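Notes for the one structure printed next.
The structure presented is a predicted model; accordingly, all values stated were derived computationally and were not measured.
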Amino acid sequence: MVSRIVTGNIEALKNAPQTFESIYTIIKNSFTSETFGEWLENGEVCKMSYYELYERADSFSKAAVTYAAKMDSDSRFVGIFLENSCDWVALFWGLLQAGFKPILLNTRHNIQINNDIIKEMDPVFVVSQDARVDKAVSVKDLLEEGKGVKFDKSMINWADEIILITSGSTSKPKIISHSGKTICLQVEMSADIVRTNQSIQYNAKLDIHNLAFLPFYHIFGLIATLMWFMFFGRGFVFLPKYDAQSIQFVCKRVGVTHFFAIPLVWNKTVAALEREVAKQGKTEKFNKAIKFSNKLQNIFPLLGPVIVRKFIFKKIRRQLMGEKLAFLISGGGFIAPRTLEVLNGLGYSIYAGYGLTECGVLCVELSRKSKFRNGTSTGKIFSNVKYKVSEEGELLIPRDHSMNGIYVDGKFSEFTDEYYPTNDLVNIDETGRLHIIGRLDDVIIGPNGENISPEEIESRIDKGAFTQEAMINCKLPGTDEKQMVLVLADDGSMGAFEKASSLRNVFTSIDALTMSERPVKVLNLIGSMPENFKGIDRKALSMKLEEQELFATECARPTDEEVTRTRSAEYTELIGKVCDVYAEVLNKDRAEITETSNFVTLGGDSMEYVEMLSKVSEVSGRTISMTETPLITPMAIADYLIEQNKESKE
């Protein structure tokens, strides 16, 4: 049954002026005592109600008006450079209420990129805890300006424009303008979700605890996390840090029910889980249980997930992300089919979605049957979006559901075309579901003229201990034409044995591809590939390799001798001993340490590194000294020790 809160508020919005003021007014008139935000402080759960949020927003409104009056500026823009928090939300609404247009700055961009945007847009000030940001004023200092000033209705002069920044690492980010009208349409789309899949409501009381993981300055976080759930008065859980341990602890401690993230998060979660299962020798049993669970959920789409959560995978769920987590959305890129299969099998019910900064969130796969959620579909495009697909297969979104325009050098350029070209090559299947083939810029034209999605191929390649992988089409130095190339990156810590073992996995995966999907070359890059919010920037990677700004070596298929050394009994035993030392020195649970655990990532410092090397020498009975390239994984240390032992015998 669809909640009256949902139907009532959606109807009120459709009958109201399509503005930010309308959204906020409906929220304010509907919710007061309900919990808006939860966070952990000294191990205790702290809370803020919706009423307290409105009070905080009023405080920001009067503070912004007072502070701006002292500045010599005619601008109506104000920047927000903060991580997700109750204050971010209160500031966002407080600025709009006071007539300012928030610029939602990306805290993942480097400071110089943000300062370039600030220079271009010339805001009155920027609310930031980072003093390196130009025109920065801290939350505390801003609120201090409003102390002693009475908030009154004369300070209310609603603005109806917000600014979002596209993600980018090598190219200049675009500065996108959205009006209240486009955001209202985005909120109204949520009615499709609730009608199609009422499990998003969690229960009859809508007892939702939504993890505020996705940054609100990004369109996915702003719409799917903040707007959709705030409009219905639901609660948000804020994180102290964004590392895996903090996320797991908060999910379990507070009882998170909804968690939306990019594919990278889900892929890493499943990879870590499967490594642990393999260590315990339970891979076959685990895979059978996952397969059975998905089959059960296909036959009984309503009862199946309940059985899975309460009985089949109750213990794993409790250890992984808590027992209450029930509704996940993945968006912002391609998610590996295996990731979907495992998470859905565990009863976490993950749904893939699609959208972009210029047009917002456009669809989510909402089937309760896991066979649809485990596929490549991102669902049916929302009913109020009258989209088109071009002859080339590019998805086109109508102007009503697109941005107002963009700012270039501080000057606004209105978007007036009938449709916005998404640059995404798509397929609409017979059920009306959207399947993303890939970005037009990234899609590779195969030897037979077929469109090849690099993300889809990457999902089928086991990269082993390599840190990144990317399938690209580029013209390498010394070649006459573009070729399909698989690029593998590592941080330089892998030893010869570890690399041979990982390359064996890679080439075995390539053998399983069709002839048209196989890369001509496999390259190894030491370091990191250029990235944007969605992951690896393939276009930038191709350009840098072509122009020799990045250098990579060609990889050959490892010989049997190179690989078999890797898994000798001596080698396996040695890795186990090193993992034990890692756990002891870093004061970690042994279960957290794997053969590819990174000493630095786990929090180790230089003194602990020296202590670790000393203890490894002690338990292995072999001398180990500081090397020019730090040995930061157990496998790299084992490689080094075996090589040293081999050389001493020779």
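- With a 4.5 Å cut-off on side-chain heavy atoms, Asp537 and Met529 do not count as touching.
- Phe31 and Tyr50 have tilted rings, their planes meeting at an angle from 30° to 60° on a 0 to 90° scale.
- Ser377 places a side-chain N or O within 3.5 Å of a backbone atom of Gly379 that can act as its donor or acceptor partner.
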Query raised in the report: What's the verdict on side-chain hydrogen bond (donor to acceptor under 3.5 Å, both in side chains) for Thr339 and Asn267, showing C-alpha distance, side-chain angles and the deciding distance?
Result: CA-CA 6 Å; Thr339 298; Asn267 290 338; 2.7 Å; yes

Query raised in the report: So Ile176 and Ile163, side chain to side chain contact (heavy atoms under 4.5 Å, CB included) or not? Walk me through it.
Result: CA-CA 6 Å; Ile176 305 293; Ile163 307 298; over 6 Å; no

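- The existence of a salt bridge linking Glu365 and Arg433 is confirmed by a sub-4.0 Å separation between a basic side-chain nitrogen and an acidic carboxylate oxygen.
- A 4.5 Å side-chain heavy-atom check between Leu239 and Ile247 finds at least one atom pair inside the cut-off.
- Salt-bridge annotation for Arg132 and Asp130: present, with a side-chain N of the basic residue lying under 4.0 Å from a carboxylate O of the acidic one.
- Across all non-hydrogen atoms, the minimal contact from Met403 to Tyr420 is CE-CE1, 3.8 Å.
- Using modelled atom types, one finds a donor on one side chain and an acceptor on the other under 3.5 Å when comparing Thr19 with Ser22.
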Query - Working for side chain to side chain contact (heavy atoms under 4.5 Å, CB included), residues Met227 and Gln186 - result: CA-CA 8 Å; Met227 290 294 176; Gln186 288 279 295; over 6 Å; no

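- Looking only at distances, no side-chain donor or acceptor of Asn106 sits under 3.5 Å from a matching main-chain atom of Thr166.
- Taking the ring axis of Tyr242 as reference, the NZ or CZ atom of Arg108 stays within 45° of it and closer than 6.0 Å to the ring centre.
- Looking at Pro263 and Ser330, their side chains come closer than 4.5 Å, going by heavy atoms from C-beta outward.
- For the side chain to side chain donor-acceptor pair (under 3.5 Å) test with Gln112, the passing option among Asn115, Asp116, Asn114 is Asp116; the others fail.
- Results of the ring-ring contact (aromatic ring centres under 6.0 Å, His included) test with Phe327 over Tyr351, Trp228, Phe259 single out Tyr351 as the only residue that passes.
- When atom types are taken as modelled, the side chain of Glu34 and the backbone of Gly235 share no donor-acceptor pair closer than 3.5 angstrom.
- Judged by distance alone, with hydrogens and angles left aside, the side-chain atoms of Arg373 form no donor-acceptor pair with the main-chain N or O of Ala352 at under 3.5 Å.
- Between Ile397 and Thr422, the shortest heavy-atom distance links the atoms CG1-CG2, 3.7 Å.
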Report task. Show the numbers, then the answer: is there a salt bridge (Lys or Arg N to Asp or Glu O under 4.0 Å) between Asp122 and Lys135? Result -> CA-CA 9 Å; Asp122 190 29; Lys135 298 190 175 185; 2.5 Å; yes

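- Side chain of Asp409 to main chain of Lys411: no donor-acceptor pair is present (N/O by atom type, distance under 3.5 Å, no hydrogens or angles).
- Scanning both residues, Gly221 and Leu214, for their nearest heavy atoms gives CA-CB, 3.7 Å.
- Both tests hold for Arg317 against Tyr348: distance to the six-membered ring centre under 6.0 Å, angle to the ring axis within 45°.
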**Report entry** Candidate pair Gln248 and Leu320, rule side chain to side chain contact (heavy atoms under 4.5 Å, CB included), full reasoning
**Finding:** CA-CA 7 Å; Gln248 284 185 321; Leu320 191 61; 4.0 Å; yes

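- Scanning all heavy atoms of the two residues, the minimum distance from Ile118 to Asp134 falls at CD1-O, 3.7 Å.
- Residues Trp88 and Leu226 have side chains in contact (heavy-atom distance under 4.5 Å, counting atoms from C-beta outward).
- The aromatic rings of Phe238 and Phe236 lie tilted to each other, with the angle between the two planes from 30° to 60°.
- Other residues, nucleotides and ligands contribute only 12 or fewer heavy atoms inside 6.0 Å of the NZ atom of Lys324.
- Under a 3.5 Å cut-off, the side chain of Ser73 and the backbone N or O of Val124 do not form any donor-acceptor pair.
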Query - Intermediate values then yes/no, side chain to side chain contact (heavy atoms under 4.5 Å, CB included), Ile223 and Ile219 - result: CA-CA 6 Å; Ile223 301 300; Ile219 194 70; 3.9 Å; yes

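- Closest non-hydrogen pair, Ile10 versus Val187, comes out as CD1-O, 3.6 Å.
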Query - Asn197 vs Ser199, side-chain hydrogen bond (donor to acceptor under 3.5 Å, both in side chains): CA-CA, chis, key distance, verdict - result: CA-CA 5 Å; Asn197 189 332; Ser199 60; 2.3 Å; yes

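- Ring-centre distance between Phe382 and His401: not below the 6.0 Å cut-off.
- Judged purely by atom type and a 3.5 angstrom limit, Thr257 uses its side chain to pair as donor or acceptor with the backbone of His209.
- Note: Asp417 CG to Phe415 CZ = 4.5 Å, rounded to the nearest 0.5 Å.
- The main-chain N or O of Val137 is never found under 3.5 Å from a side-chain atom of Asp141 such that the two would form a donor-acceptor pair.
- Aromatic pair Phe213/Phe260: centroids not less than 6.0 angstrom apart.
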Requested in this report: Test salt bridge (Lys or Arg N to Asp or Glu O under 4.0 Å) on Arg318 and Glu323 and set out the steps.
Outcome: CA-CA 5 Å; Arg318 185 188 302 134; Glu323 296 180 59; 3.1 Å; yes

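- We find that Lys147 and Glu144 are joined by a salt bridge, their nearest charged nitrogen and carboxylate oxygen being less than 4.0 Å apart.
- Two rings, from Phe92 and Phe216, have their centers 6.0 Å or more apart.
- Put simply, the side chain of Ile156 reaches to within 4.5 Å of the side chain of Phe151, judged on heavy atoms.
- With a 4.5 Å cut-off on side-chain heavy atoms, Gln18 and Glu188 count as touching.
- Remark: side-chain polar atoms of Glu394 are not paired, donor with acceptor, to backbone N or O of Asp424 under 3.5 angstrom.
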Query raised in the report: Checking side-chain hydrogen bond (donor to acceptor under 3.5 Å, both in side chains) for the pair Glu161/Ser177: CA distance, chi angles, key distance, verdict?
Result: CA-CA 7 Å; Glu161 180 185 11; Ser177 167; 2.7 Å; yes

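- The nearest pair of heavy atoms linking Ile200 to Ile208 is O-CD1, 3.5 Å.
- Residues Leu13 and Ile23 meet the side-chain proximity criterion, which asks for heavy atoms closer than 4.5 Å.
- With hydrogens and angles ignored, the 3.5 Å screen pairs a side-chain donor or acceptor of Arg309 with a backbone N or O of Gly347.
- Shown here is Lys539, whose NZ atom has no more than 12 heavy atoms of other residues, nucleotides or ligands within 6.0 Å.
- Annotation: the span from Ile175 atom CD1 to Thr357 atom OG1 amounts to 12.5 Å, rounded to 0.5 Å.
- Between the side chains of Ser383 and Asp192, at least one donor-acceptor pair of N or O atoms lies under 3.5 Å.
- Put simply, the side chain of Ile162 reaches to within 4.5 Å of the side chain of Leu222, judged on heavy atoms.
- Both the sub-6.0 Å distance and the 45° axial angle are satisfied by Lys101 relative to the ring of Phe77.
- Pairs engaging residues 172-198 under the ring-ring contact (aromatic ring centres under 6.0 Å, His included) rule: none recorded [sequence neighbours left out].
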